[in-house]
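Heads up: the structure comes next, in structure tokens.
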Amino acid sequence: MKNTSTRLVFEYWDALRGERSAPERGEIEPGALRHALADTFVLENEPIGPVFRLAGTRLCALFGHELRGRAFSALWPDVGSQTEMRRLTQTVMDESAGAVAGMAAETATGAPVYLELLLLPLRYRGRTHARMLGALSASATPEWLGLDTIESMRMISLRMLWPGISLRQPPQAPARGRPPKFMVLPGGRA
């Protein structure tokens, strides 16, 4: 996970789920994701496939229109990529696994941009296969944002985040043999 928004959303989701495979949709507090909210989205599983239920403003600006109510797979122009995305979202729901994918995209004027996609399962009223939390973001806000839009996108890397495998770093034990660091800061009070 390279992008700040991706890491923030994953860490929040991971903390909420605890030992469960996925947290409940009702547990998501948008204020806790305020620094990543513009890149965040919620998908709802419909008979046609996942559809945007909510999408952040920066994400909508990347594509030049409101994404709410649109099919997630419609972000990819070719049928092969759309099928690949439907398969990926189905795997996220079936296996209660997260996914991080690297995307190579190009704007209408030909400017290249690298995006990172995060898909995480959510439970909705106890049901699986209902909702997903995700983020799609560039490593830095593109200078063309608001002037140009993404026209094509393809997946260039994929990493599945299988349940039961924790990505949390165990607390580091202090190294033996070295004295602990001690620093005195002048306080000005006696």
Side-chain angles (χ1 to χ4, degrees), residues 1-46 49-75 85 88-89 91-93 95-103 105 113-147 149-150 153 159-171:
M1 288 180 232
K2 299 174 183 169
N3 295 355
T4 305
S5 292
T6 307
R7 284 192 305 269
L8 287 172
V9 172
F10 177 78
E11 288 167 5
Y12 178 69
W13 175 87
D14 195 38
L16 275 182
R17 78 171 170 157
E19 298 300 318
R20 301 173 294 173
S21 61
E24 280 285 331
R25 161 62 186 99
E27 295 176 84
I28 303 292
E29 180 59 47
L33 292 170
R34 66 183 162 276
H35 296 296
L37 209 52
D39 300 315
T40 305
F41 59 86
V42 173
L43 299 177
E44 183 170 16
N45 196 21
E46 296 286 336
V51 172
F52 284 98
R53 184 165 175 82
L54 299 168
T57 54
R58 195 165 32 233
L59 177 59
C60 292
L62 284 174
F63 292 93
H65 52 80
E66 174 64 52
L67 295 173
R68 184 179 181 162
R70 294 182 180 247
F72 175 68
S73 62
L75 296 181
M85 284 301 123
L88 178 61
T89 55
T91 300
V92 168
M93 290 185 290
E95 304 295 332
S96 292
V100 182
M103 300 284 162
V113 62
Y114 172 79
L115 302 170
E116 194 169 61
L117 172 68
L118 175 69
L119 291 170
L120 300 166
L122 289 177
R123 292 180 175 271
Y124 183 66
R125 297 182 181 167
R127 291 182 311 132
T128 58
H129 294 75
R131 305 257 167 108
M132 282 180 275
L133 176 66
L136 181 63
S137 63
S139 58
T141 302
E143 57 193 40
W144 48 260
L145 190 66
L147 303 171
T149 58
I150 291 178
M153 189 165 53
R159 179 177 172 208
M160 295 303 295
L161 309 170
W162 298 108
I165 298 174
S166 177
L167 298 178
R168 295 179 196 139
Q169 296 293 326

Measuring from F41:CZ to L118:CG, what's the distance to the nearest 0.5 Å? 7.5 Å
With sequence neighbours left out, the residues meeting side chain to side chain donor-acceptor pair (under 3.5 Å) with N3 are S137
Between CE on residue M153 and CG on residue L136, distance to nearest 0.5 Å: 5.5 Å
Residue list, salt bridge (charged side-chain N to carboxylate O under 4.0 Å, His left out) with E44, at least two apart or on another chain: R53, R131
With a 4.5 Å cut-off on side-chain heavy atoms, are L75 and I150 touching? no
Closest contact, heavy atoms only, R17 versus P163: NH1-CA, 4.3 Å
Is the shortest heavy-atom distance from the side chain of L117 to the side chain of V100 under 4.5 Å? no
What residues, two or more places apart in sequence or in another chain, satisfy side chain to side chain contact (heavy atoms under 4.5 Å, CB included) together with H35? L8
Could you walk me through whether Y124 and V42 pass the side chain to side chain contact (heavy atoms under 4.5 Å, CB included) check? CA-CA 12 Å; Y124 183 66; V42 173; over 6 Å; no
Write down the atom of L62, the atom of L115, and the distance for their closest heavy-atom approach. CD1-CD2, 4.2 Å
What pairs of residues pass the salt bridge (Lys or Arg N to Asp or Glu O under 4.0 Å) test when at least one of them lies in residues 26-39, not counting sequence neighbours? R20-E27, D39-R58
Is any side-chain heavy atom of W144 closer than 4.5 Å to a side-chain heavy atom of T149? no
I need the minimum non-hydrogen distance between V92 and A97, along with the two atoms involved. CG1-O, 3.1 Å
Pairing residues for T40 by the side chain to side chain donor-acceptor pair (under 3.5 Å) criterion, not counting sequence neighbours: none
Show the nearest heavy-atom pair for residues M132 and P50, with the distance to one decimal. CE-CG, 3.8 Å
Do V51 and L43 touch side chain to side chain, with heavy atoms closer than 4.5 Å? no
Test side chain to side chain contact (heavy atoms under 4.5 Å, CB included) on K2 and Y114; report intermediate values, then the result. CA-CA 11 Å; K2 299 174 183 169; Y114 172 79; 4.1 Å; yes
Write down the atom of A36, the atom of V9, and the distance for their closest heavy-atom approach. CB-CG2, 3.9 Å
Heavy-atom side-chain contact between M1 and L161 under 4.5 Å: yes
To the nearest 0.5 Å, atom OH of Y12 lies from atom CG of L33 at 5.5 Å
What are the two closest non-hydrogen atoms of P121 and S21, and how far apart are they? CG-O, 4.3 Å
Side chain of E95, backbone of W162: donor and acceptor closer than 3.5 Å? no
So W13 and P23, do their side chains get closer than 4.5 Å, heavy atoms only? yes
Say you draw a straight line from OG1 of T89 to NE2 of H129; how long is it, rounded to the nearest 0.5 Å? 10.0 Å
Please report the interatomic distance CD(E116) to CE(M103), rounded to the nearest 0.5 Å. 10.0 Å
The side chain to side chain contact (heavy atoms under 4.5 Å, CB included) partners of R68 (sequence neighbours excluded) come to E66
Separation between CZ of F72 and CG of N45, rounded to the nearest 0.5 Å: 12.0 Å
